K.L.:
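Have a look at this one.
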Amino acid sequence: MRYSDVDLNRKTILITGGAGFIGSNLAFYFQEHYPDAHVVVLDLFRSNLTLSNGNLKSFGHFKNLLGFRGEVISGDINDKQLLDTLKKQYRFDYIFHEAAISDTTALEQDLMIQTNVNAFKDLLDIAVAHGANMIYASSGATYGDAPSPQRVGREAPQNVYGFSKLMMDHLARQYSQKHTNISIVGLRYFNVYGPREFFKNKTASMVVQFGHQLLSGKNPRLFEGSDKIVRDFIYVEDIVQANVLAMHPRESGVFNVGTGKARSFQAIVDILQRELGTSLPCEYIPNPFIGRYQFHTEADIQSTRDVLGYAPRFELEEGIAAYVSEIKRLFEEEVR
Ligand SMILES: NC(=O)c1ccc[n+]([C@@H]2O[C@H](COP(=O)([O-])OP(=O)(O)OC[C@H]3O[C@@H](n4cnc5c(N)ncnc54)[C@H](O)[C@@H]3O)[C@@H](O)[C@H]2O)c1
């Protein structure tokens, strides 16, 4: 579905992190709806480098871009020389900034701040120089375990990832006050699930992870009390919608992107079992993350509705129903 009447053909669009989950979904949105737009993907792609928690340092995967006909650049947003070259050689109309250490459990504070916050400043400078509107990924993790509904202005990050995203939001506000030639919109995504997340491995959503547990005949393993651990789960198609609407906002700012409804991890398993025709018994294990875990998230999306015109289209049941054939394909082609 197309979310804007603005003609973007012949525009140049940079998507950082475009080989990742959300960035690649954006790349295909523009390719499908604006075949004459020049879409440039910049991503570090994966190597064998890992963080101290054992997860990959960057999750970008070529398979997320199979069928993409735009330009692909492998590079690091921390590389100032590369950003300088991009600044000189291109003239971007829009920048979608998705590249980040997206792993909320990463412990490397130095790399997190450098990649998520400091490199963002360099990208903001390119946006200002090019007159490009900036749309960047903030996160529901800025709220930590703050009470629901989470509202912009009431942040309490519990980890360095959430902190880094909050610092991005502060930086963005400073830039929007100083530079009125462009709009800058931060989107605080809540828990995103959907196609092209699989290559995030263990950091992919529990929707695909439970789906594959069920398809392999294993009992789904949930944390104890999972009927009461609730999150605002949001289908990636609605994330694309919010990004597209944020290209021409009524005003710059930071906005929540969720459904506005809290659903439990138990509900994910129950819906998946219905969709997949399974009835495996659940196993409940102690939650090792107590103290640094979000137990109740529910985005207040009023300002997102008012300022961006955003209206989520997928409740959890609909998102999982739209996703389930892809979960099965991945299981056949990548898991088995
Ligand atoms: N998926 C979610 O639930 C969620 C929730 C809130 C916020 N976010 C944010 O949304 C954005 C996209 O997340 P995602 O889920 O698609 O994760 P992802 O890990 O799939 O995408 C991030 C991409 O950035 C790339 N990258 C990492 N470091 C880089 C660097 N130094 N230079 C260039 N590229 C680099 C990775 O290779 C990867 O392709 C991130 O900023 C993330 O923090 C995601």
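The figures that follow rest on heavy atoms only: side chains count, while hydrogens, waters and symmetry mates do not. No experiment lies behind these values; they were computed from the predicted model shown.
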K.L.:
Do the side chains of Val307 and Glu251 get nearer than 4.5 Å, heavy atoms only?
P.N.:
yes

K.L.:
In Å, rounded to the nearest 0.5 Å, how long is the span from CD1 of Ile234 to CZ of Phe190?
P.N.:
10.0 Å

K.L.:
Would you sort out whether Asn256 and Thr304 count as a side chain to side chain donor-acceptor pair (under 3.5 Å), showing the intermediate values?
P.N.:
CA-CA 6 Å; Asn256 288 337; Thr304 327; 5.9 Å; no

K.L.:
Has Gln31 got a side-chain atom pairing as donor or acceptor with Arg69's backbone, closer than 3.5 angstrom?
P.N.:
yes

K.L.:
Do Leu124 and Met134 come within less than 4.5 Å of each other through their side chains, counting heavy atoms only?
P.N.:
yes

K.L.:
Are side-chain heavy atoms of Val128 and Ile182 found at a separation under 4.5 Å?
P.N.:
yes

K.L.:
Consider only side-chain heavy atoms of I, L, V, M, F, W and Y, link residues closer than 4.5 Å, and tell whether Leu83 and Met168 are in one cluster.
P.N.:
yes

K.L.:
Go through the steps for Gln241 and Asp238 under the test side chain to side chain donor-acceptor pair (under 3.5 Å), then give the verdict.
P.N.:
CA-CA 5 Å; Gln241 180 204 155; Asp238 280 331; 3.3 Å; yes

K.L.:
Please test Lys63 against Phe199 for side-chain contact (heavy atoms from CB on, under 4.5 Å), starting from the C-alpha separation and ending with a verdict.
P.N.:
CA-CA 9 Å; Lys63 284 194 180 176; Phe199 295 105; 3.8 Å; yes

K.L.:
So how far is it from Leu171 CG to Lys121 NZ, rounded to the nearest 0.5 Å?
P.N.:
6.5 Å

K.L.:
Quick check on the hydrophobic clustering: are Leu44 and Leu86 connected, directly or via other members, by side-chain heavy-atom contacts under 4.5 Å?
P.N.:
no

K.L.:
Tell me whether Asp122 is salt-bridged to Lys80, with the criterion being a basic N under 4.0 Å from an acidic carboxylate O.
P.N.:
yes

K.L.:
Verify whether the ring centers belonging to Tyr136 and Phe120 lie closer than 6.0 Å.
P.N.:
yes

K.L.:
Looking at Ile239, is its backbone amide N or carbonyl O close enough to the side chain of Asn243 to form a donor-acceptor pair, meaning the two atoms are under 3.5 Å apart?
P.N.:
yes

K.L.:
Would a distance-only check, ignoring hydrogens and angles, find a side-chain to backbone donor-acceptor pair under 3.5 Å from Asn116 to Ile101?
P.N.:
yes

K.L.:
Using a 3.5 Å distance criterion without hydrogens, assess whether the side chain of Gln81 forms a donor-acceptor pair with backbone atoms of Asp79.
P.N.:
no

K.L.:
Is a side-chain donor or acceptor of Ser138 paired with a backbone partner of Asp169 at a separation under 3.5 angstrom?
P.N.:
no

K.L.:
On the ring face of Phe331, is Lys328 found with NZ or CZ under 6.0 Å from the centre and within 45° of the axis?
P.N.:
no

K.L.:
Should the pair Phe30 and Phe96 be assigned to parallel (<30°), tilted (30 to 60°) or perpendicular (>60°) ring geometry?
P.N.:
tilted

K.L.:
Hey, does Val41 have a side-chain heavy atom less than 4.5 Å from the side chain of Glu71?
P.N.:
no

K.L.:
Thinking salt bridges, do Lys88 and Asp84 make one under a 4.0 Å N-O criterion?
P.N.:
yes

K.L.:
Can you measure from CE (Met247) to CG (Asn133) and round to the nearest 0.5 angstrom?
P.N.:
8.0 Å

K.L.:
Take Val208 and Glu197 through the test side-chain contact (heavy atoms from CB on, under 4.5 Å) and record every step on the way to the result.
P.N.:
CA-CA 8 Å; Val208 70; Glu197 66 167 316; 3.7 Å; yes

K.L.:
Less than 4.5 Å apart, side chain to side chain, heavy atoms only: is that true for Ile301 and Phe255?
P.N.:
no

K.L.:
For the aromatic rings, using the six-membered ring if either is Trp, is the centroid distance between His33 and Phe28 under 6.0 Å?
P.N.:
no

K.L.:
Could you walk me through whether Asp93 and Ile13 pass the side-chain contact (heavy atoms from CB on, under 4.5 Å) check?
P.N.:
CA-CA 6 Å; Asp93 296 292; Ile13 299 170; 5.8 Å; no

K.L.:
Please indicate whether Glu332 has more than 12 foreign heavy atoms, meaning atoms of other residues, nucleotides or ligands, lying under 6.0 Å from its CD.
P.N.:
yes

K.L.:
Would a hydrophobic clustering, with Ile, Leu, Val, Met, Phe, Trp and Tyr connected at side-chain separations under 4.5 Å, put Leu66 with Leu330?
P.N.:
no

K.L.:
Applying salt bridge (Lys or Arg N to Asp or Glu O under 4.0 Å) to Lys11 and Asp36, what does each step give before you reach the verdict?
P.N.:
CA-CA 8 Å; Lys11 298 288 185 195; Asp36 293 328; over 6 Å; no

K.L.:
Using a strict threshold of under 4.0 Å (side-chain N to carboxylate O), is an ion pair present between Asp306 and Arg250?
P.N.:
no

K.L.:
Given side chains that start at C-beta, do those of Phe289 and Phe223 come closer than 4.5 Å, heavy atoms only?
P.N.:
yes

K.L.:
Does CZ in Arg329 sit with more than 12 non-hydrogen atoms of other residues, nucleotides or ligands closer than 6.0 Å?
P.N.:
yes

K.L.:
Spell out, as yes or no, whether a donor-acceptor pair under 3.5 Å connects the side chain of His212 to the backbone of Ile327.
P.N.:
yes

K.L.:
Does Leu214 share a hydrophobic cluster with Leu316, counting links as ILVMFWY side-chain heavy atoms below 4.5 Å and allowing steps through other members?
P.N.:
yes

K.L.:
Determine whether a donor-acceptor pair (N or O, by modelled atom type, separation under 3.5 Å) exists between the side chain of Ser226 and the backbone of Ile229.
P.N.:
no

K.L.:
Any chance you could lay out the side chain to side chain donor-acceptor pair (under 3.5 Å) test for Thr203 and Asp103, step after step, and finish with the verdict?
P.N.:
CA-CA 7 Å; Thr203 74; Asp103 183 346; 5.8 Å; no

K.L.:
List the steps, then state whether ring pair (Phe, Tyr, Trp, His ring centres under 6.0 Å) holds for Phe92 with Tyr94.
P.N.:
CA-CA 6 Å; Phe92 299 121; Tyr94 302 93; over 10 Å; no

K.L.:
Can any side-chain N or O of Asp300 pair as donor or acceptor with the backbone N or O of Gln150 at less than 3.5 Å?
P.N.:
no

K.L.:
For the residue pair Phe314 and Tyr235, does the interplanar ring angle fall in the parallel (under 30°), tilted (30 to 60°) or perpendicular (over 60°) class?
P.N.:
tilted

K.L.:
Hey, does Pro220 have a side-chain heavy atom less than 4.5 Å from the side chain of Gln273?
P.N.:
yes

K.L.:
Donor-acceptor pair, distance only, cut-off 3.5 Å: does the side chain of Glu108 make one with the backbone of Ser52?
P.N.:
yes

K.L.:
Does the side-chain contact (heavy atoms from CB on, under 4.5 Å) test come out yes or no for Glu98 and Tyr189, once each step is laid out?
P.N.:
CA-CA 11 Å; Glu98 306 299 321; Tyr189 310 150; 3.0 Å; yes

K.L.:
What is the minimum heavy-atom distance between Gln294 and Gly140, and which atoms define it?
P.N.:
NE2-O, 3.3 Å

K.L.:
Take Asn219 and Glu283, measure what side chain to side chain donor-acceptor pair (under 3.5 Å) needs, and give me the verdict at the end.
P.N.:
CA-CA 6 Å; Asn219 296 342; Glu283 281 174 26; 3.2 Å; yes

K.L.:
If you take the centroid of each ring, where Trp contributes its six-membered ring, are Tyr90 and His130 closer together than 6.0 Å?
P.N.:
no

K.L.:
Determine, using the 4.5 Å side-chain heavy-atom cutoff (strictly less than), whether Leu280 and Val207 are members of one ILVMFWY cluster.
P.N.:
yes

K.L.:
To the nearest 0.5 angstrom, please state how far the CG atom of Leu222 sits from the CD atom of Gln213.
P.N.:
8.0 Å

K.L.:
If you measure from the Lys or Arg side-chain nitrogens to the Asp or Glu carboxylate oxygens, is any gap between Glu317 and Arg263 under 4.0 Å?
P.N.:
yes

K.L.:
Any donor and acceptor pair, going by atom type alone, linking the side chain of Arg196 with main-chain N or O of Ser24 inside 3.5 Å?
P.N.:
no

K.L.:
Taking the six-membered ring for Trp, are the ring centroids of Tyr161 and Phe163 within less than 6.0 Å of each other?
P.N.:
no

K.L.:
Less than 6.0 angstrom separating the ring centers of Phe233 and Phe265, yes or no?
P.N.:
yes

K.L.:
Can you tell if the side chain of Ser205 reaches within under 4.5 Å of the side chain of Asn191, non-hydrogen atoms only?
P.N.:
no

K.L.:
Could you check whether Lys261 pairs with Glu315 (Lys NZ or Arg NE/NH1/NH2 to Asp/Glu carboxylate O, under 4.0 Å)?
P.N.:
yes

